[in-house]
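First the proteins, then the strands, lettered A, B, ... as listed; each starts at 1. Just the heavy atoms: all of them, side chains too, but no hydrogens, waters or symmetry mates, feed the values below. Note that the structure is predicted; figures quoted are calculated from it, not measured.
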Amino acid sequence: MKQQIQQLISQALVQIASDGLIPKDAIPEPIIERARDSQHGDFASNIAMVLAKVARSKPRDLAEKLVMALPESAVVSKVEIAGPGFINFYLSSDAYHALIPRIITDGHGFGRSDIGAGKRVQVEFVSANPTGPLHVGHGRGAAYGAVVADLLQAVGFEVHREYYVNDAGRQMDILGTSVWLRYLELCDEEIKFPANGYKGDYIWDIAATLHRENGEQYQHAADEVFQGVPADEPDGGDKEIHIDALIERAKRLLGDNRYRFVFELGLNTILEDIRDDLELFGIRYDEWYSERSITESGAVNKALERLRASGHIYEKEGALWFRSTDFGDEKDRVVERDNGQTTYFASDIAYHMDKLERGFDRVIDVWGADHHGYVPRVKAALQALGADPSRLDVLLVQFANLYRAGEKVQMSTRSGSFVTLRELRKEVGADAARFFYVMRKCEQHLDFDLDLAKSQSSDNPVYYVQYAHARVCSVLRQAAEKQISVEISAGDSNLERLTEEHEFQILKTLSRYPEVVEVAALNEEPHQMSHYLRELANDFHTYYNAHQFLVDDAGVRDARIKLILAVRQTLKNGLNLLGVSAPESM
RNA sequence: GCCCCCGUAGCUCAGCUGGAUAGAGCAUCCGCCUCCUAAGCGGAAGGUCACACGUUCGAAUCGUGUCGGGGGCGCCA
């Protein structure tokens, strides 16, 4: 609809340009927007005000000329000039009525478009280290990333969803070692568990599996394990040095094969748990991309070599540094530690280089806001490698705070007292969680009210929207019981029987849906969709209360049923994009 | 020390990238079921858009500064 109006203005602009009122090369893209106030019609354009200067005439005069030049159209019923020079367009009833068969015919496709023109976009999200279960912070990134990906796909991008698995590096060694130490405890060894180890219960579970299936095969005496290892922090030592020494000891005592086995058991168990968790959250990936694979393929070394060759690497204090300050970063960054290990950042450089080399037109990273300091250095690296850093978009998701009974739920990763995504899902359900997570802009701190998410009332936006969908279904069931036929094809002519204000209000909201999808997708703003759905549900509930649908007048009845079918379809499409179910009854 | 986010109704937030009289939902009052799910609807009341400059026809929106709140970073990932 918006496009149709835009076209009309474009034609008028060409007309007045050929009349010499404005220079031909000054014809802009017509800007129109939804009128905020229905007093001002459906769409408004400020084009006359924008062009007033170049046309050297008063905005209102120019507006008048433009209106005269507008071609006839069945879509528009009235055009007015108002205020300082706005041109207001009123849509015809026919234009609104015509929306209904279109929505019903398009079905699942209503609201989809091809603005993306098949451009390839990669969306990487969650990518939490497989060192433990996902928590509620990851949950927000998961919900957000998934919806952004779905939205982009809905507007015609070819989307590739990816999870970057940090299956290499020190954190994973700490995980493997933690599992092994817990296992030794199960073998009745006297172990002083390291301050920097992973202490969650899930480590015990993995250790128990190891013990159950392999007996004492991995056992070594505690003395052997700790002999000569520098003291841990509680004993006056350094916890980092302590854990690193324990890792080395584990590797030596177990040998390559056995160490690898324990390591992989930990990794795979947790990764499987994460996959399963996300799956139950309605989130699927096209690819799980292994960090280890880029290390092993030599891509990391290749990337570093390229940086070195172009003179962006130097050595200092035994470590290799990338001179990211040349590209606007605030300080240079280590890519290889003095012990020869490449850093996480080095992998990241290689990974992002690989992303661009895979030919994506756009690469989107969804990160926790705590990684924001990371953005400049990754972009710096891409630039240093000769790539265009603007192809990478990093979306930072702020943390979510949980509230229960008005109190903030205290969480801290260190003490292990974080709430897992799985717990959240079990408490409020996947639908409510998905919906609540995307109600706010990503860069906004999110207050997640657990009680509200669980409540079955109109206060709860997800129930409110779902209920509207269920209500339509319920009406249709009633219709079926009364043997009322709801043949979609039967007589579009009845649509003119829709004359109530409530009906036009709904049609107006329905007509906005494709615009909402587009804006939400292009701006990566899922919250626009959740807000929209609430509005549409509200329009429907209001209509429901004001009018009976299954009336005796078959024409009116038929038209109303079609209207609410269109509402149902649109609610369903919108909920679907948010990853929320559209139940047929509540 | 540096960086990021946020200050809009009592509370939680929108405000479509500069437009017309700043909007929702809670909460508060007042109403609505012999009727398709009251898991719903209507109405009232409620704001110096933190503050100050600046940019221009026009600012909640853009820029600078001040104040206030939240979070992060300082060879860990």
> Are the ring of A:His40 and the base ring of B:rA20 both nearer than 5.5 Å at their centres and tilted by less than 30°?
Replying inline: yes
> Going by ring centres under 5.5 Å and near-parallel planes (under 30°), is A:Phe86 stacked on B:rG19?
Replying inline: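 A:Phe86 ring does not meet the centre or angle cut-off for B:rG19; no stack.
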Consider the side chain of [X], meaning its heavy atoms from C-beta on, and name the nucleotide among [options] that approaches it most closely.
| X | options | result |
| --- | --- | --- |
| A:Asn46 | B:rA14, B:rC36, B:rG19 | B:rG19 |
| A:Arg337 | B:rA77, B:rG19, B:rC5 | B:rA77 |
| A:Arg170 | B:rA14, B:rC76, B:rC5 | B:rC76 |
| A:Glu33 | B:rA14, B:rG19, B:rA20 | B:rG19 |
| A:His445 | B:rA77, B:rC5, B:rC75 | B:rC5 |
| A:Gln444 | B:rC75, B:rC13, B:rA39 | B:rC13 |
| A:Asn129 | B:rU12, B:rA77, B:rC75 | B:rA77 |

Indicate whether OP1 or OP2 belonging to [N] is found under 4.0 Å from a side-chain N or O atom of [X].
| X | N | answer |
| --- | --- | --- |
| A:His371 | B:rG71 | no |
| A:Arg440 | B:rA14 | no |
| A:Thr542 | B:rG42 | yes |
| A:Lys58 | B:rC57 | no |
| A:Tyr464 | B:rC41 | yes |

Check: [X] ring centre within less than 6.0 Å of [Y] ring centre:
| X | Y | value |
| --- | --- | --- |
| A:Phe540 | A:His469 | no |
| A:Tyr543 | A:Phe549 | yes |
| A:Phe322 | A:Tyr314 | no |
| A:Tyr532 | A:Tyr513 | yes |
| A:Tyr164 | A:Tyr351 | yes |

Starting at [atom1] of [X] and ending at [atom2] of [N], how long is that distance when rounded to a whole Å?
| X | N | atom1 | atom2 | value |
| --- | --- | --- | --- | --- |
| A:Trp321 | B:rC75 | CH2 | C1' | 5 Å |
| A:Ile32 | B:rA20 | CD1 | P | 17 Å |
| A:Tyr544 | B:rA38 | OH | C1' | 10 Å |
| A:Arg34 | B:rG19 | CZ | P | 16 Å |
| A:Gln171 | B:rA77 | CD | P | 7 Å |

> RNA chain B: A:Lys441 or A:Ala44, which has the more 5' nearest nucleotide?
Replying inline: A:Lys441
>> Between A:Ala35 and A:Gln398, which residue's closest nucleotide on RNA chain B lies nearer the 5′ terminus?
In response: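 First, find each residue's nearest nucleotide; the 5'-ward one identifies A:Gln398.
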Which is true for [X] with a 4.0 Å heavy-atom rule: it touches a base, it touches only sugar-phosphate, or it touches nothing?
| X | result |
| --- | --- |
| A:Glu330 | sugar-phosphate |
| A:Thr343 | nothing |
| A:Lys482 | nothing |
| A:His547 | base |

> Using the glycosidic torsion, which applies to B:rU28: syn (within 90° of 0) or anti (everything else)?
Replying inline: anti
Strictly by Watson-Crick or wobble contacts shorter than 3.5 Å, is anything paired with [N], and which nucleotide is it?
| N | result |
| --- | --- |
| B:rG58 | none |
| B:rU17 | none |
| B:rA52 | B:rU64 |

>> Looking at A:His372 and B:rC3, is any side-chain donor or acceptor paired with a base atom of the opposite kind under 3.5 Å?
In response: yes
> Does A:Glu317 get its side chain close enough to the base of B:rC75, under 3.5 Å, for a donor-acceptor pair?
Replying inline: yes
> Any ion pair linking A:Lys2 and A:Glu33 (charged N to carboxylate O, less than 4.0 Å)?
Replying inline: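 So A:Glu33 does not pair with A:Lys2 through a salt bridge.
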> Under 4.0 Å between a Lys/Arg side-chain N and an Asp/Glu carboxylate O for A:Asp329 and A:Arg333?
Replying inline: yes
I'd like a table of atom pairs between the protein and nucleotides 24-35 of chain B - only N or O on both sides, under 3.5 Å - with the distance next to each one.
residue	atom	partner	partner atom	Å
B:rC35	O2'	A:Gln548	OE1	3.3

> Just one of A:Leu578, A:Val428, A:Val147 clears the side chain to side chain contact (heavy atoms under 4.5 Å, CB included) bar with A:Arg434, so which one?
Replying inline: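 Of A:Leu578, A:Val428, A:Val147, side chain to side chain contact (heavy atoms under 4.5 Å, CB included) with A:Arg434 is met by A:Val147 alone.
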> Do side-chain atoms of A:Thr177 reach the backbone of A:Ile174 as a donor and acceptor pair under 3.5 angstrom?
Replying inline: no
> Do any N or O atoms from the side chain of A:Asp238 and from the backbone of A:Glu240 form a donor-acceptor pair under 3.5 angstrom?
Replying inline: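 Yes.
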